[in-house]
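These notes are about the structure you will find just below.
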Amino acid sequence: MGIAEQIVTRGLGGIILFTQARNAHAWGKMRADTYAQSGDADALARTYINTRMTQMPEAGSEMMKDYAFRKELDSNMRHFSNSVRGYWGGLARMAAYNVVPITLGLVACVTPPKWKIARIAAAGLAVVFTAMNWTKERHGVGYHAPLNSKFVDPNF
């Protein structure tokens with residue numbers, strides 16, 4: 001029972017950690033795109049307004065402002081840095097949201113062999129938590145859809 005139990009519990013813990021890491025990575029990629037695009041749009045709008053406002057219209061300053069705006073349009077560094085910030089923000093948000101399954105998976109994976117009961121309990125709780133989450137997400141059990149209800153809570 002010792003080796004088989006270790007293989008099963010550590011395998012369950014590894015599967016749970018893998019799925020949580022995959023979900024966090026996917027959320028990070030989505031967040032990176034939206035954060036970078038909204039950051040680019042805000043920066044370009046701000047730069048455009050700044051290049052169009054002048055105290056005294058002069059040919060030299062207009063040319064310099066047009067040049068600065070074109071350079072701002074061609075810049076990739078802001079998009080890259082906003083993508084990195086958005087990815088790590090999304091990854092951290094997803095990890096914080098899924099702290100229970102991540103903790104249970106870690107306990108099931110890295111607990112030493114002498115703490116057999118803790119490893120088995122963590123693997124069992126992880127399976128129960130995953131089954132409850134799957135039931136809620138797939139079948140809508142325990143989920144309140146405010147758009148489909150007659151009475152919408154304004155504080156929701």
Side-chain angles (χ1 to χ4, degrees), residues 9-111 118-119 122-156:
T9 56
R10 291 180 196 271
L12 282 173
I15 289 169
I16 289 167
L17 288 175
F18 171 75
T19 56
Q20 295 304 319
R22 188 188 63 187
N23 289 343
H25 174 66
W27 185 261
K29 288 192 307 184
M30 287 189 300
R31 181 89 171 130
D33 287 342
T34 57
Y35 192 82
Q37 289 172 358
S38 65
D40 286 347
D42 292 342
L44 288 177
R46 187 176 53 248
T47 305
Y48 180 76
I49 289 174
N50 286 343
T51 57
R52 297 303 148 212
M53 294 185 168
T54 57
Q55 297 295 331
M56 296 176 60
E58 298 175 6
S61 65
E62 291 295 323
M63 287 174 29
M64 286 183 0
K65 286 186 173 194
D66 286 340
Y67 177 76
F69 181 66
R70 283 194 308 274
K71 286 307 242 184
E72 188 71 27
L73 282 175
D74 294 336
S75 173
N76 290 329
M77 193 62 197
R78 180 188 54 253
H79 184 80
F80 175 74
S81 63
N82 283 339
S83 292
V84 170
R85 282 182 64 194
Y87 176 79
W88 287 110
L91 187 93
R93 181 176 292 178
M94 195 65 167
Y97 180 71
N98 291 324
V99 72
V100 171
I102 290 172
T103 304
L104 292 173
L106 278 173
V107 169
C109 264
V110 301
T111 304
R119 191 171 56 242
L125 284 173
V127 168
V128 168
F129 185 82
T130 304
M132 287 173 42
N133 194 18
W134 183 80
T135 304
K136 181 180 122 182
E137 292 292 328
R138 299 287 185 237
H139 303 295
V141 174
Y143 177 70
H144 180 268
L147 294 178
N148 293 335
S149 83
K150 190 181 213 182
F151 305 103
V152 177
D153 183 14
N155 298 322
F156 184 68

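Bear in mind the structure is a predicted one, so any value in this text is a computation, not a measurement.
The ring pair (Phe, Tyr, Trp, His ring centres under 6.0 Å) search around Tyr87 returns His25, not counting sequence neighbours. Legend: residues meeting ring pair (Phe, Tyr, Trp, His ring centres under 6.0 Å) with Phe80, ordered by chain and number and at least two apart, are absent. Checked against side chain to side chain contact (heavy atoms under 4.5 Å, CB included), Phe69 has the following partners two or more places apart in sequence or in another chain: Thr47, Tyr48, Thr51, Arg52, Leu73.
Summarising the local packing, CE of Met30 is surrounded by more than 12 heavy atoms from other residues, nucleotides or ligands at distances under 6.0 Å.
You'll find the side chain of Leu44 reaches within 4.5 Å of the side chain of Arg78, heavy atoms only.
Contact between Arg31 and Gly86 at its shortest, heavy atoms only, is CG-O, 3.0 Å. When all heavy atoms are compared, the tightest approach of Gly13 to Ala108 is CA-CB, 3.9 Å.
The distance from the CG atom of Leu91 to the NZ atom of Lys29 is 12.0 Å, given to the nearest 0.5 Å. Taking CE of Met94 as the start and CZ of Arg22 as the end, the distance is 10.0 Å to the nearest 0.5 Å. Atom CG of Asn82 is separated from atom CE of Met77 by 10.5 Å, given to the nearest 0.5 angstrom. Taken from CD1 in Ile102 to OH in Tyr97, the straight-line distance is 12.0 Å, to the nearest 0.5 Å. In this structure, Asn98 CG and Leu17 CG are separated by 11.5 Å, a value rounded to the nearest 0.5 Å. Separating the CH2 atom in Trp27 from the CZ atom in Arg93 is a distance of 7.0 Å, to the nearest 0.5 Å.
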Query - Val107 vs Arg119, side chain to side chain contact (heavy atoms under 4.5 Å, CB included): CA-CA, chis, key distance, verdict - result: CA-CA 6 Å; Val107 169; Arg119 191 171 56 242; 5.7 Å; no

Requested in this report: Tell me, with the steps shown, if Leu104 and Ile16 meet side chain to side chain contact (heavy atoms under 4.5 Å, CB included).
Outcome: CA-CA 8 Å; Leu104 292 173; Ile16 289 167; 5.8 Å; no

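For the pair Arg10 (side chain) and Cys109 (backbone), a donor-acceptor distance under 3.5 Å is present.
Applying the side-chain contact (heavy atoms from CB on, under 4.5 Å) test between Thr103 and each of Leu106, Val99, Val100 identifies Val99 as the sole match.
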